[in-house]
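One structure is given here, and the rest of the page talks about it.
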2 protein chains.
Amino acid sequence: MASTRTRTAGTKGVPRAEREEQLLTAAVEEFGRRGYGGASMAAIAERVGVTKPLLYQYFGSKDALYAAALERVAGSLTRALTAALAPGVTSLGTPLSVLGAIFTTLEGRRHAWFVLYDRTLPAAGALREAAERHRAAIDVLAAAGSAEFLAARGIADPLDSDALKHLWTGTVSTLVTWWIHHPGESAQEMAERCRRLITAIVA
Amino acid sequence: MASTRTRTAGTKGVPRAEREEQLLTAAVEEFGRRGYGGASMAAIAERVGVTKPLLYQYFGSKDALYAAALERVAGSLTRALTAALAPGVTSLGTPLSVLGAIFTTLEGRRHAWFVLYDRTLPAAGALREAAERHRAAIDVLAAAGSAEFLAARGIADPLDSDALKHLWTGTVSTLVTWWIHHPGESAQEMAERCRRLITAIVA
DNA sequence: CAGTGAACTGACCTCGGGGTCAGTTCACCC
DNA sequence: GGGTGAACTGACCCCGAGGTCAGTTCACTG
């Protein structure tokens with residue numbers, strides 16, 4: 001007679017590795033959308049059709065889950081960017097190929113970008129440091145480009161160069177935000193639009 | 001013998017108008033720093049040396065306080081920008097004077113900008129709408145400039161123009177963020193630095 | 001078919017933050 | 001000097017979110 005009762009506890013046949021994968025994907029989405037503070041563990045679990053305790057059993061804590069999400073996003077982004085920068089083309093085409101790589105990587109998970117660039121993170125704490133460390137790894141690439149860009153125009157002030165670097169990463173954030181508000185736009189279309197805008201601005 | 005006891009309740013001689021002023025200033029600072037979700041009413045009250053109930057007696061609710069903070073920031077910003085745009089100089093010097101006006105307005109309360117541009121606001125709700133309404137009033141100015149800029153370069157796509165508008169407001173946010181991280185920089189120095197960078201980019 | 005371990009949950013604890021109430025102290029005015 | 005109202009607080013309620021525990025169901029193996 002136990003058959004009439006709707007099953008509650010008990011395995012659903014999903015192995016741990018696969019479930020972790022699903023949960024991590026949900027975490028990236030949720031953290032990216034609401035930020036660290038705004039996201040709730042229950043909501044992340046529910047996205048996968050599972051409850052909090054399992055999420056905690058697999059990831060330990062909210063901080064650890066965020067760290068894992070950060071690792072994943074930063075990893076794929078860093079890989080894509082170093083690949084895009086490999087050719088060594090140091091002209092003005094570089095930022096375009098960087099944008100293309102970012103859009104392609106983010107296609108289907110556009111909010112992921114904001115796991116890396118989360119203004120919600122508590123000012124003090126290991127999480128903030130981890131995020132900054134990952135960002136730094138990416139910013140190094142932008143820093144070189146910025147300094148070179150300015151040097152070619154006769155500006156050597158290191159603070160100017162630093163500001164330009166921030167301007168660039170900020171621009172990427174802005175573009176991703178705009179992209180999120182225009183879901184119909186594909187990665188290719190975005191890249192094309194950016195090519196048009198950048199050439200218009202710099203020309 | 002009541003004199004030995006440290007006073008707790010009872011007026012401190014600060015009239016309501018003045019206290020509201022102090023609380024509003026504290027709210028702008030706190031909301032700008034931590035975002036709507038991250039800021040706490042108790043912290044805002046404590047900044048002024050007062051407790052929660054008084055804050056609630058004067059402003060009613062967290063939403064109402066945020067709305068008031070929004071109103072104040074948007075008001076001073078809109079005033080400063082329309083004044084800066086009044087001369088009608090439609091050359092490339094316009095964005096520079098806009099930046100100058102913004103930096104001057106924000107001097108001493110740099111975080112205030114992020115009350116207007118708060119990524120933490122709940123997606124649904126009157127607060128989000130209010131913020132967007134105030135932003136729109138400012139964006140109108142940016143929109144005209146963006147369209148004009150692109151038209152002069154032979155681009156008429158309205159989506160391109162919209163994207164450029166976002167790019168511009170995003171750039172301002174990025175610059176303010178950088179400014180916050182460099183407290184020594186004065187508003188004038190920031191304006192000068194931006195002049196250098198923008199001419200380098202566009203030239 | 002009994003035993004084992006992995007997958008999974010309901011119910012609970014705790015703590016911080018929004019919001020409220022019943023006051024208490026003070027300044028001012030007659 | 002007593003009354004009135006404004007300025008102000010300690011203590012409280014409630015809820016949502018992080019985190020935990022004691023299980024329950026299932027697949028797999030001997």
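Chain letters run A, B, ... following the sequence lines, proteins first and then strands; every chain starts at 1. Worth saying up front: this structure is predicted, and the values here are computed from it rather than measured.
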For the side chain of B/Tyr56, starting at C-beta, report the closest nucleotide among D/dT9, C/dG10, C/dG19. C/dG19
Between the side chain of B/Arg110 and the main-chain N/O of B/Trp179, is any donor-acceptor distance below 3.5 Å? yes
Rounded to whole angstroms, how far apart are CG on A/Leu55 and C1' on D/dT20? 13 Å
Closest to the B/Ser61 side chain: D/dA7, C/dG19, C/dG18? C/dG19
Nearest-Å distance, CG (B/Leu23) to P (D/dC8)? 9 Å
Under 3.5 Å, is there an N or O donor on one side and an acceptor on the other linking the side chain of A/Lys52 and the base of D/dG18? yes
Taking atom P of C/dT14 as reference, at what distance in whole Å does atom CE of A/Met41 sit? 20 Å
Whole-Å distance separating the CG atom of A/Asp63 from the P atom of D/dG19: 7 Å
Rounded to whole angstrom units, what separation is found between the CG atom of A/Leu54 and the C1' atom of D/dT20? 14 Å
Name the nucleic acid region contacted by B/Ala39, choosing base, sugar-phosphate or nothing; use a 4.0 angstrom heavy-atom cut-off, strictly under. sugar-phosphate
If you check the A/Thr11 side chain, which of D/dA7, D/dT9, C/dA7 turns out closest? C/dA7
Within this structure, what is the CZ-to-P distance between B/Arg34 and C/dG17, rounded to whole angstrom? 11 Å
So, the side chain of A/Ser76 versus the backbone of A/Arg72: is there a donor-acceptor pair under 3.5 Å, distance only? yes
Of all the choices, C/dG18, C/dA7, D/dT9, which nucleotide is nearest to the side chain of B/Thr8 once you look at every atom? D/dT9
Find which nucleotide of DNA chain C each of B/Tyr36 and B/Gly13 is nearest to by heavy atoms, and output the residue with the more 5' nucleotide. B/Tyr36
Donor-acceptor under 3.5 Å (B/Arg128 side chain, B/Pro122 main chain): yes
Report yes if at least one side-chain N or O of B/Lys12 is closer than 4.0 Å to OP1 or OP2 of D/dT9; otherwise report no. yes
Does a side-chain N or O of B/Arg19 approach OP1 or OP2 of D/dA6 to a distance below 4.0 Å, or not? no
Within the 4.0 Å heavy-atom criterion, would you say A/Phe59 contacts the bases, only the backbone, or no part of the nucleic acid? nothing
Calculate the interatomic distance between A/Glu20 atom CD and C/dA7 atom C1'; express it in whole Å. 12 Å
If we check side-chain hydrogen bond (donor to acceptor under 3.5 Å, both in side chains) with A/Arg47, which of these qualifies: A/Glu30, A/Glu29, A/Gln22? A/Glu30
Just the rounded figure in Å: distance from P of D/dT20 to NZ of A/Lys62. 14 Å
Please confirm whether the backbone N or O of B/Ala39 pairs with a side-chain atom of B/Arg33, one donor and one acceptor, at under 3.5 Å? no
Residue whose closest nucleotide on DNA chain D lies nearer the 5' end, A/Pro53 versus B/Gln57: B/Gln57
